[in-house]
Amino acid sequence: MAKLVGGIATSHIPAIGLAIANGLQQDAYWKPFFDGFPPVREWLARVKPDVAIVIYNDHGLNFFLDKMPTFAIGAATEYRNADEGWGLKALAPFPGDPRMSWHLIEELVAADFDLSTCQEMLVDHGFTVPMSLLWQDVVPRAVRVVPLAINTVQHPLPSPRRCYNLGVALGKAIESYPADLRVVVVGTGGLSHQLDGERAGFINREFDLRCLDDIVNRPDELLNLSIHDLVEQAGSQGAEFILWLVMRGALSCHGVREIARKYHIPVSNTGAGLLLLESVS
Amino acid sequence: MAKLVGGIATSHIPAIGLAIANGLQQDAYWKPFFDGFPPVREWLARVKPDVAIVIYNDHGLNFFLDKMPTFAIGAATEYRNADEGWGLKALAPFPGDPRMSWHLIEELVAADFDLSTCQEMLVDHGFTVPMSLLWQDVVPRAVRVVPLAINTVQHPLPSPRRCYNLGVALGKAIESYPADLRVVVVGTGGLSHQLDGERAGFINREFDLRCLDDIVNRPDELLNLSIHDLVEQAGSQGAEFILWLVMRGALSCHGVREIARKYHIPVSNTGAGLLLLESVS
Amino acid sequence: MATVRAPIWGTPIFDGAQAIKGYALNKMCYSFNDAVNRNEFLANEAAYCARFGLNPEQYAAIQNRNVLQLIAAGGNIYYLAKFAGILGLNVQDIGAQQTGMTVEAFKAKLLAAGV
Amino acid sequence: MATVRAPIWGTPIFDGAQAIKGYALNKMCYSFNDAVNRNEFLANEAAYCARFGLNPEQYAAIQNRNVLQLIAAGGNIYYLAKFAGILGLNVQDIGAQQTGMTVEAFKAKLLAAGV
Ligand SMILES: [Fe+3]
Ligand SMILES: [Fe+3]
């Protein structure tokens, strides 16, 4: 059976991708952010996951308002990025694992999650930036991926509790996969930031630090938050924290040990967070 | 508040649309089928619903396997049909009710249904044939519509119980809409038929008659059926009966009175069913 | 865990395994929603199939106009129905083909189910 | 019944009401994912906007390059970001524009949030 070895969460701002493309990791502005990653990459090098389930949100690349899914899961043989309107450069394609995808789809639909299934799917910076941060775009790529996109574009968004519960079902689905694979779940996005409106630039350090602590030690405390609470406390785009909750829900079948945690303000308009939790069986 | 006045279910085979287009309603082959509809149309003329929520399945027109939703709901100002590959003629557009759509979306997402929302959406024969049968394509159209598409193309399909529960939540959502509207829910598709494989042409009269009776009088008895059971008993396309269960779930907030029931074999490859249930408060 | 069920005779289930196998074929058939594409296909079948990357099994099934072969190659009946439309075949024609009956015999079987 | 919540100052929520209002604008901005479309827009803004059926409020907001006006006209920030990309504006530039600050002052505010 497959083993869920741990969960990682990281912010996924486009500016990070540009900083990587331009080699700015040691630049004074960027260094404190990038310095969080070596311990996570060391863990990945040691644990060597075969598959990464990447929870992200599409920011208007693959999905438009004509067919906007609440939960969409990839079932493609590979995934490519695109320029997103900003001329981002093409990365090496990310190999998929369609058999694993279909196993997860069977289990999640049986558990009453109403997925959209995507046998072809462009992945945007919400997906690629964490991949670049964690696996540094080494080719051939070290992991196969299953992207899982959560709607944060069109309200109503799925509630924090629904997302956590999706994670719980996802964790069970992963560990019922009949192949001897090591699987890591990656939650992306957040923490507090807001791009739109007169409150643009809003960051809430105190709330972010509370979230970082609660998601490790007492995730249940976060599940009564509404989307409205999240938007109020973490900014419009801070609602991306629901993606972290999917990751944390997946780990709920195990105990967790915290391996790495980092918080830094600002990365572009964002309070940037990083977290690595290892499964303790 | 809006009032759910009743539910209708009818088969939706393309051949019916062709028979209507060619004026064959009194033809010997077709007459027994079309003769079921006058009592339903009389009820509609008396009750005069303002809005129809139409539960149907897309047969490969609006949705492809790159973005295949389990549950997709329309939120457009109008809906058009298309030729579907067979040169079907364009019908007058169906006026939507985007405000009602968004109310339903808010309620259903809050009730943990993971909808895809569609602000632009082509509707196929699964939607248009029942509309033509019930409202006879009189223009200007007598009702506004909210299409709700259920995946029957890509397995896993949502279970009969999940579909019934969607209906339960839909009924509550309809009756919490703060406008004085009469709403009818239309379930489409079925009953037994199978288009593909060596068993093509399979029809199961006994099972269909049981379903027609149980869905009126003891819908709970149908909820332990699996999709596999439905495919086995009613044929691959007979699984469309899950759309009828959404309709029946919606009516669960009221008692029901049966106004019309009809069953006829064959319409093309299909055991054709028709049912009208009025809400009894 | 989702239950694995016994196969049902003569009844294809379009699940993930079929979906993986048939993606190119189904994508081509989906394109037939548009009359422009149907005409392009008819003008040059080989080029049209190649553009969608059909494998040899899929291409042969298209050439043979054989529904069971198309299903075995990963075709989904809803998309295949658009291909059948190009050929002027309705669901009774393809039912007859798959069951090895004449269309008349197939229709008689359907009528018999009602009595 | 879903709870109705109090508005949050300076914080647009892209809900159904906004979605209805902004569909044409958002559809146009979504098209900017493709460089060909970006170039077509730049070659003839009026014609491009007309093709998507923008209303006068939306067209004026596009002409004014004004993010708050675009949001008021039903624009969604994720699709608007593609329009900002055409103009060479990043999220700090549009943050400064919306808050009425200089870009330098906006960046200083973000730095200050970290201490
Ligand atoms: Fe993001
Ligand atoms: Fe159908």
Side-chain angles (χ1 to χ4, degrees), chain B residues 13-15 18 29 32 57-66 68 82-88 122 124 126 152-157 159 192-205 208 226-229 231-233 235-237 239 263-272, chain C residues 2-19 22-23 26-27 29-35 37-38 67-68 70-72 75-86 88 90-92 94-101 105-107 109-115:
Chain B
I13 307 128
L18 288 175
Y29 181 86
N57 57 313
D58 180 86
H59 303 71
L61 173 65
N62 195 62
F63 298 107
F64 183 59
L65 303 174
D66 61 335
M68 179 58 70
D83 93 10
E84 296 189 40
W86 313 313
L88 301 183
L122 290 173
D124 80 355
T152 64
V153 167
Q154 171 72 64
H155 287 252
L157 314 186
S159 71
S192 64
H193 61 307
Q194 176 158 338
L195 302 179
D196 48 347
E198 293 86 349
R199 203 175 66 144
F202 175 77
I203 293 181
N204 187 342
R205 180 189 174 90
D208 286 345
S226 66
I227 290 293
H228 187 273
D229 293 333
V231 170
E232 188 165 43
Q233 297 289 318
S236 321
Q237 280 67 45
Y263 183 67
H264 175 67
I265 292 176
V267 169
S268 181
N269 293 19
T270 301
Chain C
T3 317
V4 178
R5 310 275 186 165
I8 302 164
W9 179 82
T11 303
I13 300 290
F14 190 78
D15 61 6
Q18 289 300 102
Y23 193 74
N26 290 316
K27 190 171 178 179
C29 290
Y30 180 68
S31 80
F32 296 149
N33 273 306
D34 188 334
N37 295 331
R38 300 199 292 273
V67 177
L68 290 176
L70 287 162
I71 292 169
N76 174 294
I77 190 64
Y78 294 106
Y79 305 114
L80 294 179
K82 322 256 172 208
F83 175 58
I86 292 185
N90 66 29
V91 294
Q92 298 184 318
I94 67 173
Q97 190 200 77
Q98 294 174 92
T99 52
M101 302 169 90
F106 187 76
K107 286 185 177 174
K109 180 181 109 161
L110 292 164
L111 281 167
V115 291

Taking the side chain as every heavy atom from C-beta outward, state whether Val91(C) and Gln237(B) have any atom pair closer than 4.5 Å.
no
Flag, side chain of Asn76(C) to backbone of Gln154(B), donor-acceptor distance under 3.5 Å
no
So for Phe14(C), is it side chain, backbone, both, or neither that comes closer than 4.5 Å to the heavy atoms of chain B?
both
Return the minimal non-hydrogen interatomic distance between Leu110(C) and Ser268(B), and the atom names on each side.
CD1-O, 3.6 Å
Relative to chain C, which of Phe202(B), Phe63(B), Tyr29(B) shows the most heavy atom pairs under 4.5 Å?
Phe63(B)
Portion of Val67(C) that has a non-hydrogen atom of chain B nearer than 4.5 angstrom
neither
If you tally heavy-atom pairs under 4.5 Å between each of Asp58(B), Leu122(B), Ile13(B), Thr152(B) and chain C, the highest tally belongs to Thr152(B)
Residue part contacting chain B, namely of Lys107(C), when any heavy atom lies under 4.5 Å:
neither
Taking every non-hydrogen atom, the tightest pair across Leu195(B) and Gln98(C):
O-NE2, 2.8 Å
When rounded to the nearest 0.5 angstrom, what distance separates CD in Glu198(B) from OG1 in Thr99(C)?
9.5 Å
Using the test side-chain hydrogen bond (donor to acceptor under 3.5 Å, both in side chains), find all partners of Ser192(B) that sit at least two apart in sequence or belong to another chain.
Asp208(B)
Identify the heavy atoms of Gly95(C) and Ala200(B) that sit nearest to each other, and give their distance.
CA-CB, 4.0 Å
Looking only at Ala81(C), Ala112(C), Gly16(C), most heavy-atom pairs under 4.5 Å shared with chain B are made by Ala81(C)
Shortest non-hydrogen contact between Pro266(B) and Leu111(C), atoms and distance:
CD-CD2, 3.6 Å
Roughly how far, to the nearest 0.5 Å, is the CG atom of Leu61(B) from the NZ atom of Lys82(C)?
5.5 Å
Please classify the contact between Ile71(C) and chain B as side chain, backbone, both or neither, with a heavy-atom cut-off of under 4.5 Å.
side chain
Which value, rounded to the nearest 0.5 Å, describes the distance between Leu65(B) atom CG and Tyr79(C) atom OH?
4.0 Å
Hey, which of Ser226(B), Ala15(B), Pro156(B), Gly87(B) has the most heavy atom pairs under 4.5 Å with chain C?
Ser226(B)
Return a table of donor-acceptor pairs under 3.5 angstrom between the side chains of residues 5-13 of chain C and protein atoms on other chains or two or more places apart.
residue  : atom : partner   : partner atom : Å
Thr11(C) : OG1  : Gln194(B) : NE2          : 3.1
Thr11(C) : OG1  : Arg199(B) : NE           : 3.0
Thr11(C) : OG1  : Trp9(C)   : O            : 2.9

Is Tyr263(B) close to chain C through its backbone or its side chain, or both, or neither, when contacts mean heavy atoms under 4.5 Å?
neither
Under the side chain to side chain contact (heavy atoms under 4.5 Å, CB included) criterion, do Asp124(B) and Tyr78(C) qualify, and how do the steps go?
CA-CA 12 Å; Asp124(B) 80 355; Tyr78(C) 294 106; over 6 Å; no
Take the angle between the ring planes of Tyr23(C) and Phe64(B) and call it parallel below 30°, perpendicular above 60°, tilted in between.
tilted
CD1 of Ile86(C) to CH2 of Trp86(B), rounded to nearest 0.5 Å, is 12.5 Å
